[in-house]
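Below you'll find the structure, written out as structure tokens, and then a few comments.
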Amino acid sequence: MATLPIPAGQIIADFGPHKNYPPPEGFPGRNEPDAVVETHCCFCGMQCGIKLLVKDNRVVGFEPWEEFPYNQGRLCPKGVQRYLQNNHPDRLLHPVERVEGSGFRRIDWDRAMERTVSEIQRIQSQYGRDAFAMLSGVSLTNEKGYLAGKFARVALKTKNLDYNGRLCMVSAGAGNKKAFGLDRASNDFSDLAHAEVVMICGSNVSETFPTLIHWIWQARDNGAKLVVVDPRLTPVARTADLHLPIRPGRDSALYGAILHQLVKNDWLDHDFIDNHTSGVEAAVEAVENYDLDWAENVTGIPRKKIMLAAEWWGKAATSFLLHARGIEHHTKGVENVSSCINLVLATGRIGKPYCGYATITGQGNGQGGREHGHKCDQLPGNRDIENPEHRRYISDVWGIEERDLPGKGLTAYELIEAIHRGEIKGLLSICFNPVVSLPNNNFVREALEKLEFYVNIDFFLSETARHADIVLAGSLQEEEEGTVTTSEGRVVRIRQAVTPPGEARTDTEILLEIARRLGAGKHFSFNNSEEIFNELRVASKGGTADYFGITYEKIEQNMGVFWPCPSLDHPGTPRLWEDRKFKTPDGRAHFVPVPYHDPMEITDAEYPVILTTGRVVSQYLSGTQTRRIGKLVDQYPEPLLEIHPALAAKYGIANREIVRLVSRRGTAEFPAQLVETIREDTVFVPYHWAGAQSINQLTSGHLDPVSKIPEFKVSAVRLEPTGRRAPVPVQDPIQATGGSPAHPGPKPPQPHAFTGIGK
Ligand SMILES: Nc1nc2c(c(=O)[nH]1)N[C@H]1C(S)=C(S)[C@@H](COP(=O)(O)OP(=O)(O)OC[C@H]3O[C@@H](n4cnc5c(=O)[nH]c(N)nc54)[C@H](O)[C@@H]3O)O[C@H]1N2
Ligand SMILES: Nc1nc2c(c(=O)[nH]1)N[C@H]1C(S)=C(S)[C@@H](COP(=O)(O)OP(=O)(O)OC[C@H]3O[C@@H](n4cnc5c(=O)[nH]c(N)nc54)[C@H](O)[C@@H]3O)O[C@H]1N2
Ligand code: SF4
Ligand SMILES: [Mo]
């Protein structure tokens, strides 16, 4: 059981390490739990079913939930450790207030609320309503996401609300809307199992969505050909029939060249194209010069591999294309997505069994979180905040005048830029750690320090929370009822297993209380999460993300319901587009022409190496949660610079030598990890760490012009060997011994050397 970490009146500067957490023998009572609660993992978009074991109002363990159809009991290394957060000694158990230069002191809720509300009112009366902004996150349930959107527009009355999905799902969302007029994976993942070709573009599935591998392996067992496009030979790429080791930032050239071959060889579904799509001519014209020579030159992939991918894709009867942030975290993230969708449309492989397309949703509620109106340009039901009809509908649901509903605000990174310029003076954030997760984060830190008032809602004192004036102790996923929408589009129930510990409150209670104190109480009279969900259902009715027919009871009876589900007697829609009625204005699926552009930063003599960034299996996002779980820390204790031995040799860099990485934004040092599983012109660093270990000191704030996603996947850097060797981390005996098959530590140079890269 956690104790209050900060005694009243005492100021703390930091939390200590917790060597004895969790107790090696496990939590008391885990063999005789008071309750076994069927719910979902709090981490990635797979939202695996899990059972939490509860004793004395604390989560003390877990069991697999084998009946849940998606993961059937399977969990990944993060999933089996997730239960350790609720009891964690770092848990914020009461609000804290920053004491300039010293740290934080405990305060009571009344003072925290009073100061928060009076600062919001002061800033808004002095500088205008939009000078107070809100940032939100999609680890939050659908109910909390919906509440955040309504709270910002109706209680804060600001237009400046955006969310951390801006770093994650927005390129896919914009691409999906252009093509289909609706933003969701087109199928549930069971369709993968019988697809003849599975193409994975820019996703390290085995590390980032480990339970999805089960469906991919089923496809392979059934004879599918697996194609993986990644600058690294990732674990899933090692099992692939064809790995296309692309130069980072060049994806639209590859998919353009494949489209060119589909057309040239007439591997097209003419019936589907003629009857159900529009825009094919312009899309084909855009790629008419993208022959194999050109594509090999731009992408760095040997032409015969590109041709083989085109042939397999073109001749297959069924196929499934999956992509994730590897193609989306770019200044042309939306174009990359469109160029993938063009391949699906050209071959008509959508809306029928074993044919599908999906962007793999990142965060826990990355799907639902992008539908219910906490994006700066969006209202619930994935409605458009600038569409007069949509504004009227939502104003009616909320009981406000349409003229009082704010318009479109700034996106997440633009919002930080506006803070830096002094245009935004106050900020409330929930479920977002931008000091670690935004690019060019020294700039982000500077911006936060310019705020006149900043209040943060979290359950741990994150690196960003350390810049706040007040931190409100919020709740973990298992401390509130709610729903989330999985990567498949399945709306599932999150169940409250325990109540928040100490004086911590639920996120919902906190937002409702601030709304009441701001005088907006009559719009926020919800008594529980189900009442919020029932309002969300009405608000989404008639929108493209229509949840009207989904109820808590229906979800429980069916282990989830797929949206769209427009009426109570509707069964939900696991596979979209069987009716061929696309949600675009002309009812057809749209091809989008994608002329190729280089990434914003290309290498030159001063910055000759491409830096790309991403994830490792045992850490999650900005690391606030997983860097606190000892076993996950042991598995991957520090960020390493993955570098090919040939590139390392060029600079005389040895394994575990500390290398200084320099970009136009900043400098940071990382131990080198020599691997043959990466292109020779590219280095990779995972981003889950803060401060001096944060790779986002180096990444750029260049944004996609449509989606405004940052280009996390391409920066130009210089490598400077320091001659110093990194100490072997003390907590990690495995690294010291070089690893074991079950627990391999740093990857030794791989036997599967690349072919045809570095050209
Ligand atoms: N363990 C773990 N799992 C997670 C998360 C986590 O933090 N940790 N986060 C969750 C979230 S929010 C997300 S968004 C997902 C992300 O899931 P993924 O997108 O699978 O993860 P990333 O590591 O960001 O990037 C995927 C791959 O893109 C490759 N790549 C880099 N540049 C390019 C390029 O230009 N083209 C192509 N084709 N590939 C490129 C990288 O080498 C990397 O292997 O993971 C989710 N699951
Ligand atoms: N260089 C680089 N940077 C990246 C990426 C990359 O690939 N490379 N990936 C980007 C991507 S895809 C993403 S999604 C972002 C993620 O970036 P963030 O969203 O900033 O990362 P999180 O770690 O999810 O931060 C969420 C914070 O919310 C808290 N939190 C979690 N759940 C809850 C909850 O239910 N209630 C409350 N009150 N708080 C909660 C956590 O403790 C944490 O402090 O990072 C992006 N940044
Ligand atoms: S795959 Fe994702 S949802 Fe499933 S256990 Fe792992 S982190 Fe949790
Ligand atoms: Mo993400």
Item to complete: Could you pull out all residues at least two apart from Glu414 that satisfy salt bridge (Lys or Arg N to Asp or Glu O under 4.0 Å)?
Response: Lys708

Discussion item. Contact between Val229 and Leu254 at the side-chain level, heavy atoms closer than 4.5 Å - yes or no?
Written reply: yes

Worksheet item: Any Lys/Arg nitrogen of Asp681 or Arg247 sitting under 4.0 Å from an Asp/Glu carboxylate oxygen of the other?
Response: yes

Worksheet item: Looking at Thr613, Thr612, Ile610, Leu647, which hits side chain to side chain contact (heavy atoms under 4.5 Å, CB included) with Val683?
Response: Leu647

Item to complete: Could you tell me whether a side-chain N or O of Thr584 sits under 3.5 Å from a main-chain N or O of Gly181, the two making a donor and an acceptor?
Response: no

Fill in: CG on Leu182 to OG1 on Thr573, rounded to 0.5 Å
9.5 Å

Practice prompt. Answer yes if the side chains of Tyr70 and Ser190 hold a donor-acceptor pair under 3.5 Å, and no otherwise.
Written response: no

Worksheet item: Does anything in residues 327-348 pair up under ring pair (Phe, Tyr, Trp, His ring centres under 6.0 Å), and if so which pairs, sequence neighbours excluded?
Response: His329-Phe712

Practice prompt. Taking Arg588 for its side chain and Thr277 for its backbone only, find out whether a donor-acceptor pair lies under 3.5 Å.
Written response: yes

Item to complete: Please list, chain by chain and in numerical order, all residues satisfying side chain to side chain donor-acceptor pair (under 3.5 Å) with Asn342, sequence neighbours excluded.
Response: none

Fill in: Side chain to side chain, Val227 and Trp312, heavy atoms closer than 4.5 Å
yes

Worksheet item: Between atom SG of Cys340 and atom CG of Leu259, what is the distance when rounded to the nearest 0.5 Å?
Response: 11.5 Å

Practice prompt. Give a yes or no answer on whether the side chain of His243 reaches the backbone of Arg232 with a donor-acceptor pair at less than 3.5 Å.
Written response: yes

Item to complete: Give a yes or no on whether the backbone of Asp293 and the side-chain of Asn297 come within a donor-acceptor separation of less than 3.5 Å.
Response: no

Practice prompt. Taking Lys332 for its side chain and Ser252 for its backbone only, find out whether a donor-acceptor pair lies under 3.5 Å.
Written response: no

Worksheet item: In chain order, what residues pass the salt bridge (Lys or Arg N to Asp or Glu O under 4.0 Å) check against Glu288, with sequence neighbours excluded?
Response: none

Fill in: Sidechain-backbone polar pair: Arg679 side chain, Pro245 backbone, donor-acceptor under 3.5 Å
yes

Discussion item. Whether the Asn696 and Ser437 side chains hold a donor-acceptor pair (N or O, under 3.5 Å, no angle test) is what I'd like checked.
Written reply: no

Side-chain donor-acceptor distances from residues 193-204 under 3.5 Å, at least two apart:
unit_1 : atom_1 : unit_2 : atom_2 : d
Glu196 : OE1    : Ala317 : N      : 3.1
Asn204 : ND2    : Glu207 : OE2    : 3.2

Worksheet entry | Under 3.5 Å side-chain donor-acceptor pair for Asn441 and Ser694 | yes

Worksheet item: Going by atom types only, do Asn336 and Glu328 share a side-chain donor-acceptor pair under 3.5 Å?
Response: no

Worksheet item: Does the Lys78 side chain pair with the main chain of Val617, one donor and one acceptor, at a distance under 3.5 Å?
Response: yes

Practice prompt. Return yes if some donor-acceptor pair links the side-chain N/O of His702 with the main-chain N/O of Met600 below 3.5 Å, else return no.
Written response: no

May I have the list of side-chain donor-acceptor pairs in residues 347-354 shorter than 3.5 Å, sequence neighbours left out?
unit_1 : atom_1 : unit_2 : atom_2 : d
Thr347 : OG1    : Trp313 : NE1    : 3.4
Thr347 : OG1    : Leu343 : O      : 2.8
Thr347 : OG1    : Val344 : O      : 3.3
Arg349 : NE     : Ala316 : O      : 3.2
Arg349 : NH1    : Trp313 : O      : 3.0
Arg349 : NH1    : Ser319 : OG     : 2.9
Arg349 : NH2    : Trp313 : O      : 2.6
Arg349 : NH2    : Gly314 : O      : 3.4
Arg349 : NH2    : Ala316 : O      : 2.9

Discussion item. Checking Glu386 now: which residues fulfil side chain to side chain donor-acceptor pair (under 3.5 Å) with it, not counting sequence neighbours?
Written reply: none

Fill in: Minimum heavy-atom distance Pro710-Pro439, with the two atoms named
CB-CG, 3.6 Å

Worksheet item: Under 4.5 Å between any side-chain heavy atoms of Cys44 and Tyr620, yes or no?
Response: yes

Discussion item. Any non-hydrogen side-chain atom of Ser487 less than 4.5 Å from a side-chain atom of Met46?
Written reply: yes

Practice prompt. For salt bridge (Lys or Arg N to Asp or Glu O under 4.0 Å), just list the numbers for Asp604 and Arg664, CA-CA rounded to whole Å, side-chain angles, deciding distance to a tenth of an Å, and then say yes or no.
Written response: CA-CA 12 Å; Asp604 56 20; Arg664 290 185 176 84; 2.8 Å; yes

Worksheet item: Within a strict 4.5 Å, meaning less than it, do heavy atoms of the Asp251 and Ile246 side chains meet?
Response: yes

Worksheet item: With a 4.5 Å heavy-atom cut-off, do Gln378 and Asp384 have their side chains touching?
Response: no

Worksheet item: Is it the case that Ser171 and Asp704 place a side-chain donor and acceptor less than 3.5 Å from each other?
Response: no

Worksheet item: Are Asp377 and Arg370 ion-paired here, with the side-chain N under 4.0 Å from a carboxylate O?
Response: no

Practice prompt. Decide side-chain contact (heavy atoms from CB on, under 4.5 Å) for Ser136 and Phe432; before the verdict, give the C-alpha distance in whole Å, the side-chain angles of both, and the deciding distance to 0.1 Å.
Written response: CA-CA 6 Å; Ser136 172; Phe432 199 164; over 6 Å; no

Discussion item. Using modelled atom types and a 3.5 Å cut-off, is there a donor and acceptor pairing between side-chain atoms of His323 and backbone atoms of Val337?
Written reply: no

Practice prompt. Say whether Asn275 and Asp271, considering side chains only, have a donor N or O and an acceptor N or O under 3.5 Å apart.
Written response: yes

Worksheet entry | Asp162 bridged to Lys375 by N-O distance under 4.0 Å | no

Worksheet entry | Short N-O contact, Arg665 and Glu601, less than 4.0 angstrom | yes

Worksheet item: Are a donor atom and an acceptor atom from the side chains of Gln218 and Asn222 found within less than 3.5 Å of each other?
Response: no

Item to complete: Kindly indicate whether the side chain of Leu233, heavy atoms from C-beta on, has any atom under 4.5 Å from the side chain of Ile678.
Response: no

Discussion item. Please evaluate residues Phe180 and His590 with respect to the criterion ring pair (Phe, Tyr, Trp, His ring centres under 6.0 Å), reporting the C-alpha separation (whole Å), side-chain torsions for both, the decisive distance (0.1 Å), and the verdict.
Written reply: CA-CA 7 Å; Phe180 307 115; His590 288 195; 9.7 Å; no

Worksheet item: By side chain to side chain donor-acceptor pair (under 3.5 Å), which residues pair with Asn187, not counting sequence neighbours?
Response: Asp191

Worksheet entry | Partner of Val685 by side chain to side chain contact (heavy atoms under 4.5 Å, CB included), out of Leu641, Val717, Leu698, Ile643 | Leu641

Worksheet entry | Those residues that, when tested against Glu488, pass salt bridge (Lys or Arg N to Asp or Glu O under 4.0 Å) (two or more places apart) | Arg490

Fill in: pair Met307-Arg303: side-chain heavy atoms closer than 4.5 Å
no

Worksheet item: Are Asn142 and His372 linked by a side-chain donor-acceptor pair shorter than 3.5 Å?
Response: yes

Fill in: Residue list, side chain to side chain donor-acceptor pair (under 3.5 Å) with Gln47, at least two apart or on another chain
none

Worksheet entry | Trp294 atom CH2, neighbour heavy-atom count above 12 within 6.0 Å | yes

Worksheet item: Without hydrogens or angle criteria, can the side chains of Glu711 and Thr331 be said to hold a donor-acceptor pair below 3.5 Å?
Response: yes

Fill in: ring pair (Phe, Tyr, Trp, His ring centres under 6.0 Å): pairs with one or both residues in residues 249-275, sequence neighbours excluded
Phe272-His276

Practice prompt. Scan side-chain atoms only and decide if Glu335 and Tyr596 contain a donor-acceptor pair under the 3.5 Å cut-off.
Written response: no

Discussion item. Using the salt bridge (Lys or Arg N to Asp or Glu O under 4.0 Å) criterion, which residues pair with Asp188? Sequence neighbours excluded.
Written reply: none

